[in-house]
Amino acid sequence: MYRTNTCGELRMADAGKTVTLSGWVQRVRKLGGMTFIDLRDRYGITQIVTNNEIDGALNEAANHLGREYVAQVTGTVQERTAKNPNMPTGDIEIIADSIKVLNPSEVPPFTIEDDTDGGDELRMKYRYLDIRRAAVRKNLELRHRMTMEVRRYLDGLGFLEIETPMLVGSTPEGARDFVVPSRMNQGQFYALPQSPQTLKQLLMVAGIDRYFQIVKCFRDEDLRADRQPEFTQIDCEMSFIHQDDIINTFEGMAKHLFKEIRGIELTEPFQRMTWADAMKYYGSDKPDLRFGMEFVELMDTMKGHGFGVFDNAAYIGGINAKGAAHYTRKQLDQLTEFVKRSQIGAKGLVYARVGEDGTVKSSVDKFYDQDALQALRKKMNAEPGDLILIMSGDDAMKTRKQLCELRLEMGRQLGLRDKNKFACLWVVDFPMFEWSDEEQRLMAMHHPFTNPKAEDIPMLDSDPAAVRADAYDMVINGVEVGGGSIRIHDSKLQAKMFEILGFTPEKAQEQFGFLMNAFKYGAPPHGGLAYGLDRWVSLFAGLDSIRDCIAFPKNNSGRDVMLDAPAALDQKQLDELALAIVKPEKKEA
Ligand code: ASP
């Protein structure tokens, strides 16, 4: 028997028992005549003690232990003289009778402790050592508990978990596909699913009226902190439902998770905001509502005073950073630098401080007299001590997005984005289409299977850009944790949608014929949504990146540095697949 107990289990009530523990040696310390060993496993750390003066052989064994050796210890549980209230096992220790090395370890490349000395890349390369650290392991435990609760909740509502294939066909609509060459069908390729979207819709045609799947999805996109090339969705679909049914069912799931995982009871219905309002007041389709600081449009207030930047602007908007009038010139210069960074790309920033006496001083005093500034103050609802920040630009949408970045930064600087506070909302009524400069055509904002709002269908031909969709996102603290839509279930409307998206009937048939054909055989009204599991877990764990809640993530260049993937194939494999590598020609400098 390797162990009678785990390293996280023993307490004062076990004093006097003879136990055997197995685990990894976290640390060995010599103190006077004693040697202390911290033995660690998944469940915790237990202190082992040997008394050198009494038992020379044991002392010898303890002396040979190095960091991360796998060891087995048998001994007696005893009350500690110096208790450690910071450890669950801190009241006891084991007086060792025998110590056996089960497997030695090389010196690990970084210390396996909460505050490790290993940098990011090193920890990724030795991820199996990183996962030994409690901080990382806890995220994986949280992830496990969340998936268990998701299954419990959905099973309770009669949802069936059904697996869909990982080797599917390529659908160029959406992100780029990861493709897999076929050996048996040389020259042909599978694609890894970007989501099981069409397959779950086919399951609705098949009469499975409540489906879910916790499923890997693959998108070949540029990576960010909240994106990985492979990620996990909680993918769901329902039949015979309206938008409200979906929203209620999955708001219920969110509340269930908050309660079971975070112990937070959310009793109020989540706020709902139209996409148009989200853009107008927050410049984002995923506003962080932990704080206000809504945009106020200032076109009428600020134009016509001879300040050319504003006079020529297509949009002028301000935010009121409450209580921030104390910002120094240096801090304001830093904010200006912040909005000018290439990722944001704004030209500049105008500020106005409201003094304790109510007078307003601004960076453009030259153009605005006190009356004009008081009008600004009134419009911004600003009180003494407040700081008004104004941005403008010749593209309204772009400027709103820039102002959104400033709002989020101010929220951060003023401590309004508390990780233990949660602001949940649904953003609804997304536009059906968005214009793509790259493709020079309309693209589906959610996906081509999304139902246009019934009252907007007449505009499909005359003004498609104004058509809204039955599409919704759930947003928590500025993170899009999920999204979905009511689907088109009429093959004619689906064909029309492909036409608007620039598909010829032949191309639509070639790529999505399977779906349109299925719709001819009695497709029920249906809709659904997908939650991003990685984002949920990182939100609940208070992490800044989804990487830390994934056991084996990729780095920012999409590489697995531990497995050293992707990598070249050998010639034999290439031949079997009938593939040849054409090296991109070196560009002339
Ligand atoms: N398949 C969609 C996505 O991956 C979600 C949905 O509409 O259910 O974004």
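FYI, the numbering just counts along the sequence from 1. In each ligand, atom 1 is the first atom listed, and ligand 1 is the first ligand listed.
Under the 6.0 Å distance and 45° angle rule, R400 does not count as a cation-pi partner of Y282.
Sparse packing is recorded around OH of Y521, with 12 or fewer heavy atoms of other residues, nucleotides or ligands lying under 6.0 Å away. For OH of Y281, the number of neighbouring non-hydrogen atoms (other residues, nucleotides, ligands) closer than 6.0 Å is 12 at most.
Scanning for salt bridge (Lys or Arg N to Asp or Glu O under 4.0 Å) contacts around D244 gives R272, with sequence neighbours left out.
The closest side-chain heavy-atom distance from P448 to F433 is not below 4.5 Å.
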Are any protein N/O atoms closer than 3.5 Å to the N/O atoms of ligand 1? If there are, list each pair with names and the distance to one decimal place.
{"residue": "ligand 1", "atom": "1 (N)", "partner": "S195", "partner atom": "OG", "Å": "3.1"}
{"residue": "ligand 1", "atom": "1 (N)", "partner": "Q197", "partner atom": "OE1", "Å": "2.7"}
{"residue": "ligand 1", "atom": "4 (O)", "partner": "R219", "partner atom": "NH2", "Å": "3.0"}
{"residue": "ligand 1", "atom": "4 (O)", "partner": "Q233", "partner atom": "NE2", "Å": "3.1"}
{"residue": "ligand 1", "atom": "7 (O)", "partner": "Q197", "partner atom": "OE1", "Å": "3.4"}
{"residue": "ligand 1", "atom": "7 (O)", "partner": "H446", "partner atom": "NE2", "Å": "2.8"}
{"residue": "ligand 1", "atom": "7 (O)", "partner": "H447", "partner atom": "NE2", "Å": "3.0"}
{"residue": "ligand 1", "atom": "7 (O)", "partner": "R487", "partner atom": "NH1", "Å": "2.8"}
{"residue": "ligand 1", "atom": "7 (O)", "partner": "R487", "partner atom": "NH2", "Å": "3.2"}
{"residue": "ligand 1", "atom": "8 (O)", "partner": "K200", "partner atom": "NZ", "Å": "2.7"}
{"residue": "ligand 1", "atom": "8 (O)", "partner": "R487", "partner atom": "NH2", "Å": "2.8"}

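Using modelled atom types, no side-chain atom of Q271 and backbone atom of L425 make a donor-acceptor pair closer than 3.5 Å.
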